[in-house]
Amino acid sequence: MAVDKLHVVLSAEDVRKYPFLPEALERVRYLGLTIEDIAAPLLRSVVERAAKYLEAAIDSLELPPPSEDCDEEALAYLVSLLILKIISDKMLIRRFSVAFSKRVFRLLLSEDNSKVAYVLSQLGLRVKLLGAAPSGYTFAINVFDYIENIPERRGQWKLAHRLVEAGWVLASKVEAVRLGEEALKKAVEERVEGLRVDGVRIPDAIYSLAEVISRKWSIKLREIREAWASEAPRGGEFPPCIRAIIDDLKAGKNIPHSARFALAAFLLNVGMSVDEVLEVFKSAPDFNERVARYQVEHIAGMRGSGKRYSPYKCDNMRTLGLCVAECGVKHPLQYYWRSARRGAQGGQAAQQ
Amino acid sequence: MGRPPSSEVALRLFRSYYRSLKADEVNVTELSRREFAFSYFGEEGMHRHIAFGSTVQLLAHLAERAPRHAFYSTAYYRDPAAKNMDEKGWEGSDLVFDIDIDHVETPCKELHDRWVCKSCGASGWGAPLACPRCGSESIERHAWVCETCLSVASDEVLRLIELLESDFGLSGDEMLVTFSGHRGFHVHVEAPAVRELNQDARREIVDYIRGVGLEPDYMLVKARGGYRLRAETYGWYGRCARWAIVKAGVENPTLSKREWEDLLRECVKREAVAVDERVTIDTRRLIRLPGSLHGKSGLRVARLSVQDLEGGSVLDKVKVFIRGEAVVEFEGEPPRRILDLEVGYSTRVLPLYAALYLLLNGAKLSKFELK
C-alpha cells in the first residue's frame with residue numbers, strides 16, 4: 001500500500017507543541033543537551049515544568065500550555081517520561097498519557113491538514129490527504145491503523161458505519177486528530193516502557209522531583225483506594241445478559257459454549273465457589289459433572305495456566321450475540337459492582 | 001493400549017499418506033515460530049507445546065507418528081515450545097477466518113444429517129434447533145458433509161475474499177485458503193499489516209464482515225419525505241445502495257426509517273459473511289495444519305485456489321484415498337448422501353475415501369473391510 005510522502009517543514013514552534021516528534025529528540029541531541037548535563041538554570045525551569053505536568057496528571061487535570069521555549073519543552077517532556085519510568089506505576093503513566101494526548105489533540109486541531117497528516121504519520125498511522133474530496137472528507141486512514149485506534153467501538157466509529165474502500169477509511173480532520181490522540185496515548189506509554197534508566201547518571205534535581213511526585217502519587221492512590229473501599233460491593237444485581245443465560249439454562253435450553261464460559265467466569269468473579277457455579281449449571285440438558293467441574297476449575301484458574309478468566313466484556317458479548325440490552329456499561333461485572341455499590345451506599349445510609 | 005481394529009486401518013492409511021507427503025504441501029509460514037499440537041490414534045487428549053526447527057523435522061514427525069489430528073498456532077511465538085502462555089512470548093498472529101457449514105444455511109442437511117432428541121427420544125433427518133415433537137433443545141446430532149454443503153460454503157468463502165480485497169485492500173496472494181478437513185474452510189491472512197492487531201481490532205473486522213452493529217441512524221440523512229443513504233459507494237453503504245436499487249427500483253431512493261431498517265436487515269442477511277467470530281478474535285488459536293489429514297473425515301486440509309472454489313473442484317483437491325475400495329455393512333440407517341456419493345442400505349462396496357469417512361465420523365458399521 002503506497003502512502004504519499006508528506007513534505008512538511010517543522011519549525012521550533014512545532015517542536016514546542018509536539019515534543020514527541022523525532023525532530024524534537026533530534027534537536028535536543030543537536031544542542032548537545034543530554035539529561036546528564038543540562039545547565040543549571042535550564043535544568044531548574046525544565047524540572048519545574050515537568051513537575052507541573054506530572055502534578056496535573058496525578059489529579060487528572062488539563063496540562064498547562066507548552067513552554068514558550070522549545071528546548072525547555074522538549075526536555076520537560078523527556079524528564080516527565082523519565083520520572084514516570086523511575087516510579088513505574090501503570091495508572092500514573094496512563095493518567096499522564098491521557099492528559100498529554102488531550103493537549104496535543106487541541107493543538108493539532110488548529111494546524112493545517114498537511115501538518116496533521118505529518119504528525120499522524122509519525123505516530124505510525126498511515127494517512128492520505130484527499131484534496132478536494134467530493135465526500136467532504138479530507139483524510140483517509142489505513143483501515144488496520146483505524147481499527148486499532150478508534151476511541152469507541154460503536155456509533156460513528158464503528159467500521160461498518162464508515163466509508164471504507166480498498167484498505168482506507170475516510171475521516172474528517174477532527175476524527176483524524178482524535179485517532180492521533182489515541183495513537184499518541186499508546187506511544188507515550190510504550191515510550192516510558194522502553195526507557196532504560198540504568199547506566200544513566202540522573203541529576204539530583206530530577207531524582208528529588210521523582211521523590212516528590214512519588215509521594216504525591218501515593219497519597220492520591222490512598223485516596224482512590226479509600227474511595228473504592230468505602231463503596232465496597234455487597235451482592236449486586238446480575239446484568240440482563242447474564243440473567244438471560246441463567247433463564248435459558250433454567251428453561252433447559254442447550255446454551256452455546258460461549259454463553260457457558262461467560263456465565264461461569266462471571267459467577268466466579270463475583271465470588272461464587274466452583275461448587276456454587278456447578279449448581280447453577282446442573283439444569284443444563286447435557287450436564288456432566290466431571291467435564292463441567294474440569295472446565296469451571298480451569299476458568300477459576302485452578303488448572304492449566306493458573307490464570308483466572310474474566311467474563312467477556314460487552315463488546316465481545318455483542319459480537320457473540322449474547323448481549324440482550326443496552327445497559328450503559330462496558331463490562332458485565334461493571335453492572336454488578338455498580339449496583340452493589342448503590343446497595344452498599346443505601347445500606348450505610350440506613351445504618352446511620 | 002490396544003487400539004480398536006478400525007483405528008488400526010485408519011492409522012495404516014494415515015501413515016501411508018504422511019510418508020509420501022511433500023514439503024510444499026505443508027504451507028506454514030515461519031514454521032519455527034509456531035506451536036504445534038497433535039492427537040494420536042488410540043490415545044486421549046492433545047499433545048501441545050511442540051515446536052519444529054524446519055519443515056523437514058515436521059514431516060519426519062508426521063511420518064513417524066501419523067497423527068489423527070494436527071494443528072499449528074495462528075500466533076508467532078518467541079519460544080513456541082514453552083509450556084506457559086506468558087513464557088511463549090507472543091509476537092503476533094495471522095488474521096484467520098473460519099467458515100463452518102454449521103453456520104451456513106444449506107438445503108442438503110435433510111439428506112444426510114440425523115438428530116435424536118435426548119428428552120423424548122424422537123429422531124429424524126435434518127438439523128433442527130429444537131425437537132419438533134417436544135421442543136427440547138437437548139438434541140444429539142450426527143452431521144455429514146456432501147458436495148452441496150461444500151459448494152454453498154465455497155460461495156461464502158469467495159464472498160469473504162472479495163470483501164477482504166475490496167474493503168480491506170488485501171490481495172489474494174496475502175491469503176492462504178484451506179479446506180478445514182471436514183466441515184468448512186479457513187482463510188489465513190498472513191500480511192505483516194495484520195499480525196499485531198489486538199483482539200479489539202480483530203473483533204471490529206469480524207463485526208464488519210458479519211454486518212454486526214449496523215444502525216440506520218448512522219447511515220442515513222434526512223431528505224424530503226424520508227431518509228436517504230449518507231453515501232452510495234464504499235463499504236456497507238455501497239452494498240446497501242445496491243440493495244436499495246433492487247428493492248425500490250430506483251437509484252438513491254428516499255424511504256421511511258422503517259423501510260430502511262427492513263432493507264438494511266435484508267442487505268446484511270444477503271451480503272454479510274458467516275464467519276465464526278471466536279476464531280478470528282482469538283490471537284492464540286490452534287488451527288488445522290495445511291497438508292494434514294482430518295481424523296474425523298480422512299480428508300486433506302488442502303490449500304485451495306479461487307479457481308478451485310469457483311469451479312466446484314474442492315472435493316477433488318481434498319479426497320485422498322481415491323484408489324481402492326472397502327466393503328461396509330450399515331447398522332441402522334446410513335446418511336443418504338456423503339461427499340459426492342449417494343448411499344443406501346444396500347450399499348456394500350464404497351470407494352476407500354468414502355468408507356474411511358463413514359468409519360472416522362462414527363457411522364454405525366457392522367462390517368468394514370478393505371477390498
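So that the names make sense, note that chain A is the first sequence line, chain B the second, and so on, each numbered from 1. Values in this document were obtained by computation on a predicted structure and should not be read as measured data.
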Distance col, row R162(A):CZ vs R230(B):CZ, nearest 0.5 angstrom, shows 7.0 Å
No-hydrogen, no-angle side-chain donor-acceptor test under 3.5 Å, D94(B) and T74(B):
no
### Message
Testing the 3.5 Å rule here: is there a donor-acceptor pair between the side chains of T29(B) and E190(B)?
### Response
yes
Bottom line for S166(B): the part with an atom under 4.5 Å from chain A's heavy atoms is backbone
Here the pair of heavy atoms bringing R183(B) nearest to S180(B) is N-OG, 3.5 Å
- request: State whether a side-chain donor-acceptor pair under 3.5 Å links Y76(B) with R34(B).
  value: yes
Given G235(B), G211(B), A201(B), the one with more heavy-atom pairs under 4.5 angstrom with chain A than any other is A201(B)
When the 4.5 angstrom heavy-atom criterion is applied to E215(B) and chain A, the contacting part is both
When the 4.5 angstrom heavy-atom criterion is applied to Q199(B) and chain A, the contacting part is neither
Applying a strict 4.5 Å limit to non-hydrogen atoms, the region of E165(B) in contact with chain A is backbone
Bottom line for L129(B): the part with an atom under 4.5 Å from chain A's heavy atoms is neither
Honestly, the part of I209(B) sitting under 4.5 Å from a heavy atom of chain A is neither
If one checks every heavy atom of N198(B) against chain A at 4.5 Å, the contacting part turns out to be both
If one checks every heavy atom of T233(B) against chain A at 4.5 Å, the contacting part turns out to be backbone
The interface call for L170(A) against chain B, heavy-atom contacts under 4.5 Å, is side chain
Okay, R154(A) and chain B: the region with an atom under 4.5 Å from a heavy atom over there is neither
Check: Do K158(A) and Y218(B) come close enough that some side-chain heavy atom pair is under 4.5 Å?
Finding: no
So, the part of N316(A) with a heavy atom under 4.5 Å from chain B: the answer is both
